[in-house]
Amino acid sequence: MAYRAEGPVERASHCYCTMCRKQHGAAAGSYANVASAGFTVERGAELVTEYASSSHGRRGFCSACGSSLYWRSTETPDRIAVTLGTLEPEYDGPVEREWYPENKPGWLPAR
């Protein structure tokens with residue numbers, strides 16, 4: 001499967017909420033925002049599965065390999081948060097925000 005995210009990639013973040021940590025199986029979910037209008041699944045659209053993780057949150061993943069692809073909110077339909085680990089070329093910008101830092105696991109190394 002492959003997708004295209006046209007336009008600027010902005011507001012990269014790490015989210016330490018319980019749902020992101022569990023979905024990613026990691027310390028955080030790492031995302032960058034793009035315009036929904038520029039997000040297109042180019043190959044394997046039938047493999048993308050989406051589920052409602054909250055009253056407004058929708059999480060997309062690949063049903064073949066299990067990769068977490070994006071998070072979107074029904075409250076802000078013009079934006080979609082794609083997972084940093086799936087971007088090609090690899091994201092090399094700064095992470096500008098940490099969400100729910102109070103949930104950051106204690107086993108992460110200090111900065």
Side-chain angles (χ1 to χ4, degrees):
M1 81 114 349
Y3 70 84
R4 178 185 312 204
E6 293 185 16
V9 174
E10 21 182 59
R11 296 188 307 270
S13 64
H14 296 310
C15 182
Y16 299 104
C17 80
T18 303
M19 286 184 282
C20 283
R21 289 176 53 192
K22 288 185 178 189
Q23 180 192 22
H24 290 265
S30 299
Y31 304 95
N33 280 278
V34 298
S36 294
F39 181 83
T40 307
V41 177
E42 295 183 317
R43 191 174 66 248
E46 70 281 2
L47 300 173
V48 177
T49 300
E50 189 172 278
Y51 73 97
S53 59
S54 69
S55 61
H56 67 91
R58 304 295 180 263
R59 295 175 185 271
F61 65 96
C62 177
S63 64
C65 72
S67 291
S68 298
L69 301 172
Y70 61 83
W71 181 91
R72 68 179 184 84
S73 173
T74 57
E75 295 172 353
T76 54
D78 59 323
R79 307 298 296 171
I80 189 166
V82 295
T83 54
L84 289 181
T86 63
L87 290 175
E88 290 181 13
E90 186 174 297
Y91 180 75
D92 64 356
V95 171
E96 301 166 20
R97 176 129 191 195
E98 290 185 323
W99 295 98
Y100 304 99
E102 67 276 10
N103 294 339
K104 187 184 286 191
W107 48 263
L108 276 180
R111 288 189 191 195

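Just so you know, these numbers use all the heavy atoms, side chains as well, and skip hydrogens, waters and symmetry mates.
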Walk me through it: do Thr74 and His56 pass the test side-chain hydrogen bond (donor to acceptor under 3.5 Å, both in side chains)? CA-CA 5 Å; Thr74 57; His56 67 91; 5.3 Å; no
Can you name the closest pair of heavy atoms from [X] and [Y] and give their distance?
| X | Y | result |
| --- | --- | --- |
| Gly29 | Cys20 | N-CB, 4.0 Å |
| Ala26 | Trp107 | C-CH2, 4.5 Å |
| Ser68 | Thr83 | O-OG1, 2.8 Å |
| Ala12 | Pro94 | CB-O, 3.4 Å |

Does a side-chain heavy-atom distance below 4.5 Å link Met1 with Ser67?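 Not touching, per the 4.5 Å side-chain cut-off.
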Any chain of hydrophobic side-chain contacts (each under 4.5 Å) joining [X] to [Y]?
| X | Y | answer |
| --- | --- | --- |
| Tyr100 | Val95 | no |
| Val41 | Leu84 | yes |
| Leu69 | Met19 | no |

Working for side-chain contact (heavy atoms from CB on, under 4.5 Å), residues Leu108 and Tyr16: CA-CA 11 Å; Leu108 276 180; Tyr16 299 104; 4.0 Å; yes
Who are the side-chain hydrogen bond (donor to acceptor under 3.5 Å, both in side chains) partners of [X], not counting sequence neighbours?
| X | answer |
| --- | --- |
| Ser36 | none |
| Ser53 | Arg59 |
| Glu42 | Arg4 |

Other hydrophobic cluster members with Tyr51, side-chain heavy atoms of Ile/Leu/Val/Met/Phe/Trp/Tyr under 4.5 Å, chained? Phe61
Quick one: ring-ring contact (aromatic ring centres under 6.0 Å, His included) pairs with a partner in residues 17-47, sequence neighbours left out?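 Counting only pairs at least two positions apart or across chains, the ring-ring contact (aromatic ring centres under 6.0 Å, His included) contacts touching residues 17-47 are Tyr3-Phe39, His24-Tyr31, Phe39-Tyr70.
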So how far is it from [X] [atom1] to [Y] [atom2], rounded to the nearest 0.5 Å?
| X | Y | atom1 | atom2 | value |
| --- | --- | --- | --- | --- |
| Cys15 | Asn103 | SG | CG | 8.5 Å |
| Arg11 | Glu96 | CZ | CD | 8.5 Å |
| Glu98 | Ser30 | CD | OG | 9.5 Å |
| Ser63 | Glu46 | OG | CD | 8.0 Å |

Any pair counted as salt bridge (charged side-chain N to carboxylate O under 4.0 Å, His left out), so long as it reaches residues 73-91, sequence neighbours left out: Glu10-Arg79
